[in-house]
Amino acid sequence: MRSLSAAATVAIVAATLSAPAIATPVVCNAVWTDAARSGRAVPVRIRMPEGSGRAPVILFSHGLGGDLDAGTDWVTAWNEAGFMTVNIQHAGSDSAIWKGRMRPMQGLRGAMNGEQLQARAGDVHFVLDQLYKGGREGACDLGRADTGRVGMAGHSFGAQTTLAMSGARYGGEAIMRDPRIKAAIALSPQPAQGQDDRSAFGGISIPFFSITGTRDELPFLNKVTPQDRTRPFAAMPVGNKYLLVLDGANHMMLGGQSMRMPGMSPNAHVVDAVTRLTTAFWRTYLMPGSNRPSLIANDRHVLSKKDQFEEK
């Protein structure tokens with residue numbers, strides 16, 4: 001091989017030194033303790049966007065049996081788009097209910113109840129309170145959180161949690177709603193239990209994006225069909241409501257994390273469609289001065305002919 005000349009070597013070194021450095025994402029893991037709920041531990045994973053100014057905040061709630069790795073594909077994209085993201089882990093319905101157990105399904109089914117939903121809502125209220133206090137968590141400056149521009153997203157049981165925090169009614173009352181949440185996304189939502197959909201979701205007035213797939217079901221866990229997962233959207237009032245049904249997407253793909261089982265991780269189409277459209281949604285409703293005539297005005301090309309998108 002011919003060696004480089006001295007001039008060429010100097011040019012290469014100079015180009016390397018002058019190239020812009022790739023920013024390393026600031027990620028902080030912590031366990032916050034809620035003294036008001038008997039010292040309940042609430043693990044969080046905070047991702048800070050580049051810069052030093054204030055940034056809108058997006059909270060993410062994992063599905064049944066999940067943890068802080070849930071939604072990694074989604075929150076990473078949102079963080080890169082300029083949002084501060086906070087993953088929340090919910091004790092009592094997280095990975096501890098099935099890992100290392102002889103009967104993991106028993107643990108999963110046992111955590112599917114209203115008590116755990118209320119515990120999850122309490123976690124979200126608590127995390128928001130902590131963000132309002134500011135301060136620092138390791139390398140993360142919580143004072144950068146723009147607490148006037150907060151969104152929430154979740155998958156599966158996390159979608160139910162998101163619906164509850166957004167104003168879903170139980171017995172006629174939105175008992176878990178937090179008005180600090182200004183917009184929301186539910187991945188794999190499910191219909192109301194024990195009441196009609198309109199009674200449950202007819203009071204959700206904030207911008208809301210429901211996302212599901214034509215194979216979005218868990219027959220070994222419940223009887224919710226892919227069609228059922230469109231019902232919350234149908235029951236919500238008109239105004240800044242969106243629905244995306246991805247052809248071929250299954251339940252686990254919408255969780256937004258790499259899975260060991262084949263066909264469970266989101267494929268390139270799912271990742272592209274979800275990250276682009278959800279980022280457009282957050283920019284529209286949480287970024288100052290953003291205005292789009294249509295949520296998919298710039299991203300319609302990422303949808304296949306069999307994908308379904310609705311807005312009302």
Side-chain angles (χ1 to χ4, degrees), residues 42 58-67 70-71 74 87-95 97-98 107-128 151-178 181 183-213 216-236 241-244 250-256 278:
V42 183
I58 303 170
L59 310 179
F60 191 88
S61 174
H62 63 75
L64 187 66
D67 55 27
W74 315 145
N87 286 66
I88 305 171
Q89 186 165 325
H90 306 286
S93 59
D94 61 1
S95 56
I97 65 176
W98 65 269
L108 290 169
R109 292 193 179 99
M112 294 171 57
N113 57 57
E115 180 181 352
Q116 289 302 328
L117 181 60
Q118 292 187 62
R120 284 167 158 260
D123 293 341
V124 179
H125 293 306
F126 169 67
V127 167
L128 282 171
M152 181 174 175
H155 172 244
S156 195
F157 203 4
Q160 282 186 265
T161 309
T162 301
L163 284 162
M165 301 301 299
S166 301
R169 294 185 291 234
Y170 303 87
E173 298 292 333
I175 56 176
M176 292 177 251
R177 176 179 174 269
D178 195 316
I181 294 173
I185 295 174
L187 297 122
S188 301
Q190 68 179 52
Q193 304 293 314
Q195 60 181 328
D196 67 88
D197 293 337
R198 188 73 64 181
S199 296
F201 308 121
I204 295 178
S205 58
I206 64 172
F208 203 100
F209 193 175
S210 299
I211 302 176
T212 183
D216 189 1
E217 57 188 338
L218 291 172
F220 57 87
L221 197 60
N222 58 42
K223 297 181 179 179
V224 179
T225 68
Q227 293 74 25
D228 287 335
R229 297 189 187 280
T230 67
R231 286 166 51 186
F233 165 79
M236 291 180 194
K241 305 299 188 300
Y242 306 89
L243 171 68
L244 174 63
N250 63 38
H251 191 78
M252 301 309 294
M253 286 179 179
L254 296 170
T278 56

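This is a predicted model, so every value here is computed, not measured.
- Closest approach of Leu108 and Gly65 over heavy atoms only: CD2-CA, 4.0 Å.
- Taken from OG1 in Thr212 to CG in Asp228, the straight-line distance is 9.5 Å, to the nearest 0.5 Å.
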Q: Determine, stepwise, if the pair His62 / His155 fulfils ring pair (Phe, Tyr, Trp, His ring centres under 6.0 Å).
A: CA-CA 6 Å; His62 63 75; His155 172 244; over 10 Å; no
Q) Should Gln118 and Met176 be marked as a side chain to side chain contact (heavy atoms under 4.5 Å, CB included) after you check the CA-CA gap, both sets of side-chain angles, and the distance that decides it? A) CA-CA 7 Å; Gln118 292 187 62; Met176 292 177 251; 4.1 Å; yes
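- Looking at every heavy atom in both residues, Phe157 comes nearest to Ser93 through CE2-CB, 4.1 Å.
- For the pair Ile97 and Gly92, the tightest heavy-atom approach, listed with the atom from each and the gap, is CG2-O, 3.4 Å.
- Atoms CG and CG, on Asp67 and Asn87 in that order, are 9.5 Å from each other to the nearest 0.5 Å.
- Here the shortest heavy-atom pairing between Arg169 and Ala174 reads CG-N, 3.9 Å.
- Legend: residues meeting side chain to side chain contact (heavy atoms under 4.5 Å, CB included) with Pro207, ordered by chain and number and at least two apart, are Ala183, Asn240, Phe281, Tyr285.
- Checked by atom type, the side-chain pair Asp94/Gln89 shows a donor-acceptor distance below 3.5 Å.
- Atom-to-atom distance recorded for Met152:CE and Ile58:CD1 is 12.0 Å, nearest 0.5 angstrom.
- Rounding to the nearest 0.5 Å gives a distance of 9.5 Å between CD of Gln190 and CG of Leu218.
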Q: Take Met112 and Asn222 through the test side chain to side chain contact (heavy atoms under 4.5 Å, CB included) and record every step on the way to the result.
A: CA-CA 10 Å; Met112 294 171 57; Asn222 58 42; 4.3 Å; yes
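- For the pair Asp216/Asn250, no side-chain contact is recorded, criterion being any heavy-atom separation below 4.5 Å from C-beta on.
- Contact check for Ile206 versus Ile181: side-chain heavy atoms found under the 4.5 Å cut-off.
- Using a 4.0 Å cut-off between charged nitrogen and carboxylate oxygen, Asp123 and Arg120 do not count as a salt-bridge pair.
- Counting heavy atoms from C-beta on, the side chains of Val224 and Pro191 come closer than 4.5 Å.
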Q: May I have the step-by-step check of side chain to side chain contact (heavy atoms under 4.5 Å, CB included) for Ile211 and Thr278, ending in yes or no?
A: CA-CA 9 Å; Ile211 302 176; Thr278 56; 3.5 Å; yes
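- We find the OG-CD1 distance between Ser61 and Ile88 to be 6.5 Å, quoted to the nearest 0.5 Å.
- Side chains of Tyr170 and Leu117 form a contact here, defined as non-hydrogen atoms less than 4.5 Å apart.
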Q: Please test Leu187 against Trp74 for side chain to side chain contact (heavy atoms under 4.5 Å, CB included), starting from the C-alpha separation and ending with a verdict.
A: CA-CA 11 Å; Leu187 297 122; Trp74 315 145; 4.0 Å; yes
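- Closest of all the heavy-atom pairs between Gln195 and Gly171 is OE1-N, 4.1 Å.
- One distance of note links OG of Ser166 with CD1 of Ile204; it measures 5.5 Å at 0.5 Å rounding.
- No donor-acceptor pair closer than 3.5 Å links the side chain of Asp178 to the backbone N or O of Met165.
- In this structure, Phe208 and Met236 approach most closely via the heavy-atom pair CD2-CE, 3.4 Å.
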